[in-house]
Asker: 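Pasting in a structure now, in structure tokens, and then I'll have a few things to ask.
Bear in mind the structure is a predicted one, so any value in this text is a computation, not a measurement.
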Amino acid sequence: MAGKNKVETGFRIQFNSQDISGDLVPGSLNGGGVVLDQVEMTGVSNTIRNYLRGHGSAPITGRFIMNDTATTGAFTVLNAATGATLTLQWGSNSAAPTTGDPEWEGNYTHFGFQIVFDNGKAVMEVTFQPTAGQTAPAWGTVA
């Protein structure tokens with residue numbers, strides 16, 4: 001994981017049970033967790049605006065080196081499956097994640113990826129969204 005900072009060396013991303021962390025472009029991952037809409041519910045008689053928690057969104061975006069290594073390269077893994085379990089794990093002190101460390105996991109779908117060139121390398125820009133009809137992604141810990 002050359003080029004990764006201290007935090008990123010202890011981070012893992014898996015899709016369809018395949019670890020694609022090594023192909024993640026440093027600093028490119030965004031997501032993990034739910035962001036809720038704020039629905040304004042202010043009535044005419046209210047002096048302070050009131051809000052209700054609305055629907056949540058939990059997209060995850062990242063950029064991956066276009067690695068076509070059989071079974072383990074990010075291109076191979078992402079090209080083979082569009083909907084699968086996506087797991088994000090954070091280890092402590094730049095160490096690999098172990099039992100009890102934070103984990104975000106759920107069934108996600110990606111609807112394809114765009115290829116761009118960055119520093120002389122082909123890079124895939126991917127957006128994952130929670131899969132409809134599946135249990136919502138959630139925080140947990142590494143088992």
Side-chain angles (χ1 to χ4, degrees), residues 1-43 46 48-143:
M1 292 196 175
K4 309 261 188 219
N5 65 34
K6 185 176 180 180
V7 173
E8 289 173 321
T9 59
F11 174 78
R12 299 293 179 270
I13 180 170
Q14 300 170 12
F15 188 65
N16 200 22
S17 300
Q18 297 291 322
D19 188 339
I20 54 175
S21 306
D23 293 331
L24 181 64
V25 173
S28 71
L29 186 85
N30 289 301
V34 176
V35 176
L36 300 170
D37 293 337
Q38 297 177 20
V39 180
E40 187 180 352
M41 300 295 290
T42 308
N46 294 119
I48 305 260
R49 291 184 187 264
N50 296 300
Y51 292 89
L52 179 67
R53 182 172 93 171
H55 292 98
S57 60
I60 295 173
T61 61
R63 300 176 81 209
F64 298 88
I65 303 297
M66 194 169 173
N67 178 354
D68 64 352
T69 301
T71 71
T72 60
F75 173 79
T76 305
V77 171
L78 296 172
N79 195 40
T82 58
T85 300
L86 180 68
T87 305
L88 308 178
Q89 299 174 330
W90 288 265
S92 299
N93 298 319
S94 73
T98 60
T99 303
D101 284 337
E103 174 179 88
W104 176 258
E105 186 172 74
N107 196 289
Y108 276 80
T109 299
H110 75 82
F111 299 95
F113 41 81
Q114 177 177 333
I115 307 298
V116 298
F117 289 96
D118 187 3
N119 289 325
K121 294 181 181 179
V123 174
M124 302 178 303
E125 294 182 336
V126 184
T127 299
F128 300 93
Q129 293 284 3
T131 303
Q134 301 291 319
T135 301
W139 283 104
T141 57
V142 176

Asker: Is there a side-chain contact between Ile13 and Leu86, using heavy atoms and a 4.5 Å cut-off?
Answerer: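 Result yes, sub-4.5 Å side-chain heavy-atom pair found.
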Asker: Return the minimal non-hydrogen interatomic distance between Asn16 and Ala81, and the atom names on each side.
Answerer: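 Looking at all heavy atoms of both residues, the shortest contact is ND2-CB, 3.6 Å.
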Asker: Asn67 side chain to Thr69 main-chain N or O, any donor-acceptor pair under 3.5 Å?
Answerer: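 Confirmed, Asn67 side chain pairs with Thr69 backbone.
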Asker: Go through Val25 and Ile65 one step at a time and tell me if the side-chain contact (heavy atoms from CB on, under 4.5 Å) criterion holds.
Answerer: CA-CA 7 Å; Val25 173; Ile65 303 297; 3.9 Å; yes
Asker: Find the distance between CG (Leu52) and OG1 (Thr42) and round it off to the nearest 0.5 Å.
Answerer: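 Result: 11.0 Å between the selected atoms.
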Asker: How long is the straight-line distance from CD of Glu105 back to CD of Gln14, given to the nearest 0.5 Å?
Answerer: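 Those atoms lie 8.0 Å apart.
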Asker: Is any side-chain heavy atom of Leu88 closer than 4.5 Å to a side-chain heavy atom of Phe11?
Answerer: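 Yes; the side chains approach each other to less than 4.5 Å.
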Asker: With distance as the sole test, does Thr85 use its side chain to make a donor-acceptor pair with the main-chain N or O of Asn107 at under 3.5 Å?
Answerer: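 No; zero donor-acceptor contacts below 3.5 Å.
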Asker: Is there a donor-acceptor pair under 3.5 Å between the side chain of Tyr108 and the backbone N or O of Ala58?
Answerer: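 Side chain of Tyr108 to backbone of Ala58: a pair is present.
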Asker: Check the orientation of His110 and Phe128. Use parallel for under 30°, tilted for 30 to 60°, and perpendicular for over 60°.
Answerer: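 Judged by the thresholds at 30° and 60°, the geometry between His110 and Phe128 is perpendicular.
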Asker: Let me confirm one number: the CD-CG distance from Gln38 to Asn50, rounded to the nearest 0.5 Å.
Answerer: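 Separation between the atoms: 12.5 Å.
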Asker: Which distance, rounded to the nearest 0.5 Å, do you find between the CH2 of Trp139 and the CD of Glu103?
Answerer: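 Taking CH2 in Trp139 and CD in Glu103, the distance rounds to 9.5 Å.
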Asker: From Arg12 CZ over to Leu24 CG, what is the distance, rounded to the nearest 0.5 angstrom?
Answerer: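 If I round to the nearest 0.5 Å, the distance is 11.0 Å.
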Asker: Considering non-hydrogen atoms only, spot the tightest contact between Asp101 and Pro97 and give its length.
Answerer: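 Shortest heavy-atom separation between Asp101 and Pro97 comes out as OD2-CA, 3.4 Å.
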Asker: Identify the heavy atoms of Phe111 and Gln129 that sit nearest to each other, and give their distance.
Answerer: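 Looking at all heavy atoms of both residues, the shortest contact is CE1-CB, 4.2 Å.
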Asker: When you measure from the side chain of Thr141 to the backbone N and O of Pro102, does any donor-acceptor pair fall under 3.5 Å?
Answerer: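 Checked: no pair found.
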Asker: Taking Asp23 for the side chain and Ile20 for the main chain, is one N or O donor matched with an acceptor at less than 3.5 Å?
Answerer: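 Judged by distance alone, no pair lies under 3.5 Å.
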Asker: Looking at Asp19 and Ser21, would you say the former's side chain and the latter's main chain have a donor-acceptor pair under 3.5 Å?
Answerer: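 Side chain of Asp19 to backbone of Ser21: a pair is present.
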Asker: Looking at every heavy atom in both Phe15 and Val77, which two are closest together, and how far apart are they?
Answerer: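 So the minimum-distance heavy-atom pair works out to O-CG1, 3.5 Å.
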Asker: Any side-chain heavy atom of Arg63 within less than 4.5 Å of one from Val116?
Answerer: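 A side-chain contact exists here, since the closest heavy-atom pair is under 4.5 Å.
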Asker: Under 4.5 Å between any side-chain heavy atoms of Phe113 and Val123, yes or no?
Answerer: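 The answer is no, as the side chains (C-beta and beyond) never meet within the 4.5 Å cut-off.
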Asker: If I take atom CD from residue Glu125 and atom CZ from residue Phe64, how far apart are they, to the nearest 0.5 angstrom?
Answerer: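 CZ of Phe64 is found 11.5 Å from CD of Glu125.
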